[in-house]
Structure formats: C-alpha cells, structure tokens
Trainee: 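Below are the structure tokens for one structure; questions will follow.
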Amino acid sequence: MQAEEYPLLQVRNLRKVFEGLVAVNNVSFEVERGTVFGLIGPNGAGKTTLFNVITGIYAPTDGTVVLNGEVITGLPQDAIAARGVARTFQNLQIFHGMSVEDNVLVGCHRHGRCGLLATIFRLPAVRAEERQLRNHAMEALQFVGLQDFARAPASSLPPGRQRLVEIARALASEPCLLLLDEPAAGLTTHETEVLGELLQRIAATGLTIIIIEHDMNLVMDICATVAVLDQGEVLTIDSPSAVQADPRVIAAYLGEPQPEEGGAGG
Amino acid sequence: MSAERKREILGFAVAVAIVAALPVVTRSAYWLSIGVFIALHGIVAIGLGLLLGYAGQVSLGQAAFYGMGAYGSAILTLHLGCNPWLAMGAAAVATGLIAYVIGVPTLKLHGHYLAMATLGIGIIVRILFNEGGHITGGPSGLPAVPNLAIGGFAFDNDLRMYCLAWPIVFLQVVFSRNLLRSRLGRALRAIHDSEIAARSCAINTAKAKVMVFVLSAVYASVAGSLYAHWVNFVNPHPFSFPFSLELVVMVMVGGAASIWGPLIGAAALTIIDQSLLQLGHVFPIAEDLDIVLFGIIVVLVLLFMPRGLVRGLSSQEAERRAG
C-alpha cells in the first residue's frame, strides 16, 4: 500500500489526563499533505498539550497518532523527531550557549551518520559531513533571512529573531510535518508581518504545517482548515471563514483574554 | 584563518611550550614526577569535564575506573604475561564496557542516578581490590608491574614517562576539540542548554550521555594503566572515594565546559596536594588539611567563578576589554 493514500497525520480519539484534569479529550482530526492546518481556541483549551502528545513529550492516556500510516504514539520524542516531525516552542527553546549557525546545525542532526571514533579522529568522512551540514544550515538561515547573523551568539538576538532561529532550526531538519506553537506570540506588529510572509513562503514549498496561533489575521491568511479546541475538545473543524462565523466559536472566546497559555511543557 | 582559530592554535602552542620547557629547566625527579601526575590526573579530568560540562552528570567513581585501568594492566601483565600495551588496551575496553552497563539504565532516568550508581561502583571496586586474594594482591597490592616499552626503549623513568603522558594529554585535547566542533559535540552542547529542544531535534539524549560517560571511563582507565606501568606497583589506596571527589573538584575549579579547564584544575590541585605533603614533613597537621583546603576552594570557586577558572578569567577579561 502506498503511504500517499493516507493523510500525512491522523489523530484518533486522543485523550490526555493529568491527575484527574482532562487536558485533551477525544480529539480526532486529519491533516492532508501540503496543507496548513490551524489550531485555535481560548487559553487552556489544550492546544499545546496536543502538540506535546503528537511530538512525544507526553504519552497519551488514550488514542493514537498516525504519521504516514505508522502509529507513532508511545515513541520517544527523539524517535518521532527522527521521522520528520519538527516543532517550535511557544516559550522559546533556543540553545543559548551556541551561535545562530550552531543552533540551526543541531536541527540537521538527523541527517548525520558519523560515530564517536570517526568524530574524535576527524576522519575525512566527518569533514565531508560537516561541510554538507553547514551548507544545509546556511540555506535554512538564508530562507528565514538570518544569514548575516550566522556567527552571532543566539542569545544576543531580540526575541523576534530568536523565533526565526527556531524556525530555521526546524526547517533544517527537512521535516515532513512542521508544528508551530504560537510563532507570533510576543512579536511586534512589524515582526508579525515578516513572520506572516515567511510562513507563506514555507507553505508554498509544499511543507505540511500545523500552527497554533492567536493572531486571527495570520490564521485566516495561511490556513486551509482550522480546528477550534475548547476545554480539551474539538468544537468544530472547518474553513477559516466558516469557523469565524460559527456562533459556538464566538461563545467559546467571549470574555476570554487573548495572551498566552501554558508553557512549552504545559 | 578566523581569529577564533588563531586563538585556538596560539593557546595550544603556549601549552605545549610550557610542558616542553619543564624538562629543559629541571631534571629533578621530584618535579618531573609531579609533571607526570598532572598529566595522569589531567587525562581523567578532561574526560570527567566532558561528562560534567556537556552531559550535566556527575560521576563519583572516576577513581574506580582509574583503578580498573591500573589493576587491569597489572593483572594482565603479571598473571597472564600480556604485553603492557595490549593490557592497557584490553583494560580500557573492559572499563568502557562496564561504564556502558552502568550508564544505560541510569542515564535514561532524570536526576543524579549516575552519581549514586558510580558511588556504589567505587565502593564495590575498592572491596574487590582489597579482597581479591592473589589476583589483586589484597591490601598490599601487586609489585613489579612491567614498564611500557617500544622495541628496546622502555618508559622506565620519570622523564621518559613525562614524554609519553603529555603527548597523550594533547592528543586528548585535540580529540575533545574535534568532538565539540562536530555534530555529536553540538548535540551534547544542545542537551546542556535545553534537553526538550535537543530531543525535538531528533537527539537521543540518553544515548549521547552514555557515549560521554563511556568515553570518560575509557580515559580514566588509560590514565590508570599509565600509572601502573610507571610506578610499577598497584595497591587499593589511590583508587578510593577521596580521589574521585578530588577529581570532581579539579574539574569544578578549572571549569567543566571548556577544553583546558579540567587540565588547569588538575595542575592546580595536584600542586596544592604535593605542597601540603611537603609541608607535612615540617608541620605534620598540614597533610590532613588537604580536604579542608579543597572544601574552601570549592566554595570560593562557586561563589566567584561558578563556571571555573578558565571561563571565569576569560569573561572578566572580555568585560575589561569592553570597558
């Protein structure tokens, strides 16, 4: 059977309970190849928890996640990442002690093969791999427009650019699925515009994306489908315009303040 | 050539020059033997520095791995008539395997389980050395361990050993540099900064930590073998817990997350240790002051230079330059 017959990602009856608190309840959806899927909902709706279950940070209480026809629930986080699921974090998780280029090079990790012995002797194979990974990282940096900051310490950049470092790091892994957790959180209006333009370009490459975002303009611009989550459950899955007109969605948001939910682990 | 690369080469050249100068300045067996001790402690400390600084894990049993190298060399050469080089290699492989078996279950867990496991290994190994009957020679140890030799040239005095041990240290510095400037090294540095982000980049953090732990154990074993073939004698005393602790202090003083830090820490503590020993001939109490002094040093380092002497001094210099 061809893998292409399946949607890229299938989430089936996913449930996550923390000590009696139901964070994600019976969530099911599918993401088609090459589309941008939006995930919205008020604070505490379980959006980040859903990301954390899909990427293997948490094991689900119940339900399955199927990537390319393969069940990935229960796999460790690094094994899921090795299958091409890349993500960014709502609370920035850049490597502070490293340069921008080295941050992005870590993203290339899954494309390297050389072992410890070859590495400490710096055999020709290691040099060749290093050159290849560096070219790769540089392409990702150019794509997000950070090529001039390659040597800068990542911690020296303003938050807006650190967000771009995270995106470049995720892109450098050449993922089949990219999960973006509130990429516009904490950005200025101008930075959000730059980000929107970047996300359009990423989507144009045909990469499948799931994005959690509060900025509705951004969501309307780039998403083909939007799922609304409320109190851990799917309220509706529809086109952005239909979702915006849905009275249940408006009710769920009513009186809810906008800013952030949870943490990278929340 | 980048400025960074120039600084790297300059630092290396200065270190080689200092080490090469000692035998020119003095042929005193006392100073040369201190030089050899610094090299041996440095080999262990560089490995422990990688573990502490990049995997964020403490081993309290490095002295036991050092001892496994020493006893492995002694037992294989004396009881089985093994060639000393072969014994050194076999002991290193065996020590690495033991470290792997300890590391796999403990490094999967979060927290400092490795510290506890290695503490236990240290105690077990000490008992085995003491109670090993004719195999280990018991508390009195094994005498007449043969020297390492190439053809007819034996490394049978302090000067010759000095000329063997230090190139190994420098080779190790090059190895560390190669590791840290590669995909595997970046993975380690990434784990140090954010484990959750490292794993999201497909890095198997447990596997990477086991790798560094095994490397640190192999380094310690090689140093232990060099020790045994140099002093021609092993007994349980040098491989017990206080030395494991002293090694951790060496790494903390010099700074774990730097290539040179642990080596400089090893030099500083070895010299302090020897000075106290000398002072002990005049004031007998000085010999027992080492543990007090090390305690004070650790507190001072943690208070004023939490990243160790090397990083601490270079960042102060950077601040001065920045005005």
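All of these numbers come straight from a predicted model, not from anything done at the bench.
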Trainee: Checking the side chain of A/Arg110 only, and the main-chain atoms of B/Ala202 only, is there a donor and an acceptor separated by less than 3.5 Å?
Mentor: no
Trainee: Give me the contact list for residues 117-130 of chain A versus chain B, heavy atoms only, anything under 4.5 Å, ordered by residue number.
Mentor: A/Thr119, A/Ile120, A/Phe121, A/Arg122, A/Glu129, A/Glu130
Trainee: Ignoring hydrogens, what is the shortest heavy-atom contact between A/Leu105 and B/Arg186? Give both atom names and the distance.
Mentor: CB-NE, 3.4 Å
Trainee: Heavy-atom cut-off 4.5 Å, strictly under: side chain, backbone, both or neither for B/Glu4 against chain A?
Mentor: side chain
Trainee: Looking at A/Gly107 and B/Cys201, what are the two nearest heavy atoms and their distance?
Mentor: CA-SG, 4.1 Å
Trainee: Let me confirm one number: the CZ-OG1 distance from B/Arg199 to A/Thr55, rounded to the nearest 0.5 Å.
Mentor: 10.0 Å
Trainee: A/Pro175, A/Ser173, A/Cys114: which one forms the most heavy-atom pairs within less than 4.5 Å of chain B?
Mentor: A/Cys114
Trainee: Is any side-chain heavy atom of A/Gln77 less than 4.5 Å from a side-chain heavy atom of B/Ile196?
Mentor: yes
Trainee: State whether the number of non-hydrogen atoms from other residues, nucleotides or ligands found under 6.0 Å of A/Arg151 atom CZ is greater than 12.
Mentor: no
Trainee: Check whether any side-chain heavy atom of B/Ser194 lies under 4.5 Å from a side-chain heavy atom of A/Phe89, and answer yes or no.
Mentor: no
Trainee: Can you tell which part of A/Arg83 gets under 4.5 Å to a heavy atom of chain B, answering side chain, backbone, both or neither?
Mentor: neither
Trainee: Checking B/Ser73 now: which residues fulfil side-chain hydrogen bond (donor to acceptor under 3.5 Å, both in side chains) with it, not counting sequence neighbours?
Mentor: B/Ser225, B/His229
Trainee: Answer yes or no: does atom CZ of B/Phe12 have more than 12 heavy-atom neighbours from other residues, nucleotides or ligands under 6.0 Å?
Mentor: yes
Trainee: Are any non-hydrogen side-chain atoms of B/Leu179 and A/Leu116 less than 4.5 angstrom apart?
Mentor: yes
Trainee: Considering all heavy atoms of both residues, which atom of B/Ala190 and which atom of A/Met98 are nearest to each other, and what is their separation?
Mentor: N-SD, 4.0 Å
Trainee: When you compare the side chain of A/Asp78 with that of B/Thr205, does any pair of heavy atoms fall below 4.5 Å?
Mentor: no
Trainee: Hey, is the main chain of A/His109 close enough, under 3.5 Å, to the side chain of B/Arg183 for a donor-acceptor pair?
Mentor: yes
